[in-house]
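To start, the structure under review is shown below, and the notes come after it.
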Amino acid sequence: MGYYAAEDVYAPCPCGSGKKYKFCCLVKDREERKRLRPSRRSVADLLDKEIVVADLDESERENTLGVRLTEEGRGREAIPHLERSIEAAPFMPPPYNNLALACFLEGDVARAIELSEKVDREIDPGNVFTLASLVHYYLMLDRRADAKRALERLETSAPRDENASAKKCEALARFGAHEKVLETALAETCARELRADLGFFAGTALLNLARYDEAAVHLERATRSPRRGDRARRYLERLRKRQGPGALDGDWPYLETTELCPRGLLDRFKASKDARAFPGIVDGLVAFLNDQPDEAEPIVELLAALDTPRSVEVLRKVAFGTFGADALRRAALFELTRRGKLAPDEEVRVWQEGGWRPMKPFLMEVTGKAPSPLPPELDPQLREMLAAMRSRDWSRAEKLGTDLLSKAPGFPKVYQNLAALRIEQGRTEEAERLLLRAMEIDPSYLFAPASLAMLRVQEGRIEDARDVLKRVVMPAKVHPDAQVAFLRAQALIALEDGHTEAAMSVLGVMRTIDPEAELLSGTPAAEVLLELSELLSRLGQARPARERRLRARLLRRDAGLAECLEGCLRLELLAMARRLSLRGVSTLTKGALRIAVAGHLEGRTTLAAVLGLLSPAARGVLQALVGAGGIQPFAEITRRHGAGGEGEGEEARADAPERGPLEEVESFGLAAEGTVGGLECVLIPRELRGPLAEELARLTA
């Protein structure tokens, strides 16, 4: 983001050409310096004093050293060298720009702006580097109006060389101006070829415009860039795998995390109580989310700590979108609730396990205080009862428990432990009555509903177990033992329902409360949980993972049937052929099967027959897609119409209750999921858009 001044003329040229600096850009750079050298009189007028000496060589030496220290991340050491460079030649813009950059990287945004505004006002008005840097600096302080004004002036400024063009691209990228980034990157060329950094900007702009083949050509050139080559290679690898960027905002990012969120500023942010002074740091945190979504839960906490409109907007986008893992969305939901952005117990729909699920976030404080404690004088008798149970002395345990109940009939802990005794004795009906009574006495006593739910799970009464947990009143403060008991019941029910990812998430929370799993042992069901947790951690959840991969695959906006069906497995294509009544294809290879299914779908008779088979909810999905021109964002259409496994109540098909309306449409090949540009979408294949629109209109006429 600054000027480059080469100290070693035989070093590789920074333009990325692969040639030595002396044989590439040296002459051009010297001509530039001569052009910028003003007359003695103009300098005096500029600085309001007489200049006696201007040591350009000393200025260049100090500037070179300052730039190199800055590039190595040693901005604090670079600052005095750049200051001396300015003292040696106070009329040269590059040292000011580089000093501003070093200050910015060290977290001193105010000084970076002061230096850049001085250049724009006094030294070199309209300097491309300066205006582009000001866009970044203003955005860090959320001065968007100032940033837009700087960008408007920058758009009318002609870059003097490739470095300035790259700088201009950076600023345009901050506002997502993909067409202008592409135009700027392609306008500046060398006699040899497009400069490596500009190749990266051109390639990334083309990715965002869904022009993938063109993008690959420019990104290949960009791999030679010392600065952006690694990201260019990552993007090429994703292109090779036909994968989208998987970014929160649905784009292919241009800038690295450290360019948007300097480490010096991040350190200052962590230590400062006035984090809101740097609202623009949110863009850097989003970049971190994009690069490391599986390690991003601490970033969610930082976003919550910022508590600015933009940070809250990002938290909401995470919590109520489809980006990242389920655990990340729950973390964002928790922070929104903790910060008062969501009302506790307000039901919301959150993307979990491949569908929009209703959730009620709540806040609890974990406390060491035991829930519903007995009168102190009865504690010894309770401990004696528990000891008798451990030694399987049922008669003594029953005598002590019955006596306790007569002495403390209003304490749920007595009912809970007596119910545990009844379960050991096989008297489950009595145990259930005792647990229900404990819940009546204190609805927030979590041990009782947890035990009752576990009992019903063991008896195969899953729906009854789920109802028990739904009726629980969550306490503001909870003992860790009670929380683990409650979570254990939730995990078992999730496993019984086949929601393995939810079960794994609950197990993860339990492990944070009880790292050694001491509280999980003691019952057969809990032991099963412990055994399953290791297995599930290895297996994960295959179906949601595959669904995420499908949504990440790159598709063109006008993708045809062949491209849309390319992501299907052979078994899926065979199932599709059966639904379409396509015969004699069981022996075909995957490629031949894909061609056969695509050809069959293009028939008007086939489309009419398929529409007659679809549920009203599934036809609603197609109507929405047709009305949007054949393509809609995945989150938008699934939020309105449901996704795989959600169903739509009475509109869901009785013969396929496990399939949601979108999955029903996709099972016939009428729509496909993928990433267009950078955004996860659902689209109708190009060949079917017109015919489907006509058939749907005929059905509703």
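Since the model is a prediction, treat every value here as computed from it, not as a measurement.
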Do Leu139 and Arg144 make a side-chain contact, defined as non-hydrogen atoms from C-beta onward lying under 4.5 Å apart?
yes
Is it the case that the side chain of Asp249 and the backbone of Asp251 share a donor-acceptor pair, with hydrogens and angles ignored and the cut-off at 3.5 Å?
no
Phe634 six-ring centre to Arg551 NZ/CZ under 6.0 Å and within 45° of normal
yes
Nearest-0.5 Å distance that lies between atom CG in Leu131 and atom CG in Leu151:
9.5 Å
Given side chains that start at C-beta, do those of Thr638 and Trp351 come closer than 4.5 Å, heavy atoms only?
yes
Show, in sequence, the C-alpha distance, side-chain angles and deciding distance for Leu315 and Lys341, and conclude whether the side chain to side chain contact (heavy atoms under 4.5 Å, CB included) test is met.
CA-CA 10 Å; Leu315 283 175; Lys341 309 302 179 184; over 6 Å; no
Side chain to side chain contact (heavy atoms under 4.5 Å, CB included) between Leu141 and Ile113: does it pass, once the steps are laid out?
CA-CA 10 Å; Leu141 301 184; Ile113 290 176; 3.7 Å; yes
Can you find a heavy atom in the side chain of Tyr212 that is under 4.5 Å from one in the side chain of Leu554?
yes
Under a 4.5 Å cut-off applied to non-hydrogen side-chain atoms, are Pro80 and Arg84 in contact?
yes
Would you name the heavy atoms of Phe320 and Trp356 that are closest together and state the gap between them?
O-CH2, 3.3 Å
What pair of heavy atoms forms the shortest contact from Cys103 to Leu115, and how long is it?
SG-CD1, 4.3 Å
Does some side-chain heavy atom of Leu260 sit less than 4.5 Å from a side-chain heavy atom of Arg174?
yes
Start with the C-alpha gap between Leu101 and Tyr137, add the side-chain angles, then the distance that decides, and say whether side chain to side chain contact (heavy atoms under 4.5 Å, CB included) holds.
CA-CA 9 Å; Leu101 176 60; Tyr137 305 157; 3.9 Å; yes
Looking at Arg111, Arg76, Arg74, which hits side chain to side chain donor-acceptor pair (under 3.5 Å) with Glu106?
Arg76
Return the CG to CG distance between Leu285 and Leu306, rounded to the nearest 0.5 Å.
6.5 Å
Where do Ala78 and Gly66 come nearest, in terms of heavy atoms and distance?
CB-O, 3.2 Å
Just wondering, do Arg553 and Gln243 contact through their side chains at under 4.5 Å, heavy atoms?
no
First locate atom CG of Leu198, then atom SG of Cys169, and finally report the distance between them rounded to the nearest 0.5 Å.
5.5 Å
For Glu680 and Thr322, test the side chains for any donor-to-acceptor distance below 3.5 angstrom and give the result as yes or no.
yes
Contacts of Gln632 that satisfy side-chain hydrogen bond (donor to acceptor under 3.5 Å, both in side chains) - sequence neighbours left out
Glu636
Distance (rounded to the nearest 0.5 Å) between Leu555 CG and Thr675 OG1
7.5 Å
Distance in Å, Asn63 CG paired with Ser85 OG, rounded so as to fall on 0.5 Å steps:
4.5 Å
Applying the salt bridge (charged side-chain N to carboxylate O under 4.0 Å, His left out) criterion to Glu237, which one of Arg234, Arg233, Lys241 satisfies it?
Lys241
Taking side-chain hydrogen bond (donor to acceptor under 3.5 Å, both in side chains) as the definition, give me every residue that meets it alongside Glu179, ordered by chain and number, with sequence neighbours left out.
none
Closest non-hydrogen contact found for Ser165 with Thr184 is O-CG2, 3.8 Å
When you compare the side chain of Leu289 with that of Leu303, does any pair of heavy atoms fall below 4.5 Å?
yes
Got a salt bridge between Arg338 and Glu335, using NZ or NE/NH1/NH2 to carboxylate O under 4.0 Å?
yes
I'd like to know whether His218 forms a side chain to side chain contact (heavy atoms under 4.5 Å, CB included) with Leu186, so could you lay out the CA-CA distance, the side-chain angles of the two residues, the decisive distance to 0.1 Å, and finally the verdict.
CA-CA 10 Å; His218 295 295; Leu186 294 181; 3.8 Å; yes
Is it true that, when you exclude Lys317 itself, more than 12 heavy atoms of the residues, nucleotides or ligands shown sit nearer than 6.0 Å to its NZ?
yes
Ignoring hydrogens and angles, state whether a donor on the side chain of Ser133 or Thr130 is under 3.5 Å from an acceptor on the partner side chain.
no
Intermediate values then yes/no, side-chain hydrogen bond (donor to acceptor under 3.5 Å, both in side chains), Asn97 and Ser116:
CA-CA 6 Å; Asn97 286 325; Ser116 298; 4.9 Å; no
Quiz question: by atom type and distance under 3.5 Å, do the side chains of Asp120 and Asn127 form a donor-acceptor pair?
no
Output the distance between atom CZ (Phe201) and atom OG (Ser225), rounded to the nearest 0.5 Å.
9.0 Å
Are Phe200 and Arg221 packed together at the side-chain level, in the sense that at least one heavy-atom pair is separated by less than 4.5 angstrom?
no
In terms of relative ring orientation, are Tyr235 and Trp252 parallel, tilted or perpendicular, with 30° and 60° separating the classes?
perpendicular
Arg238 side chain to Gly244 backbone, donor-acceptor under 3.5 Å:
yes
Are any of the side-chain nitrogens in Lys167 or Glu170 under 4.0 Å away from the carboxylate oxygens of its partner?
yes
In plain terms, say whether Lys118 and Asp124 are close enough for a salt bridge, that is, a side-chain N and a carboxylate O under 4.0 Å apart.
no
Less than 4.0 Å between a side-chain N and a carboxylate O, is that true for Asp558 and Arg689?
no
Write down the atom of Thr223, the atom of Ala232, and the distance for their closest heavy-atom approach.
N-CB, 4.1 Å
How close do Phe175 and Ala147 get, counting heavy atoms only, and between which atoms?
CZ-CB, 4.0 Å
Do Arg149 and Glu152 pass the salt bridge (Lys or Arg N to Asp or Glu O under 4.0 Å) test, and can you show the C-alpha distance, the side-chain angles, and the key distance before you say yes or no?
CA-CA 5 Å; Arg149 280 192 289 271; Glu152 288 169 3; over 6 Å; no
Give a yes or no on whether a salt bridge exists between Lys168 and Glu183, defined as a side-chain N under 4.0 angstrom from a carboxylate O.
no
Determine, step by step, whether Asp213 and Arg556 satisfy the salt bridge (Lys or Arg N to Asp or Glu O under 4.0 Å) criterion, reporting the C-alpha distance in whole Å, the side-chain angles of both residues, the deciding distance to 0.1 Å, and the verdict.
CA-CA 11 Å; Asp213 293 339; Arg556 291 170 176 78; 3.1 Å; yes
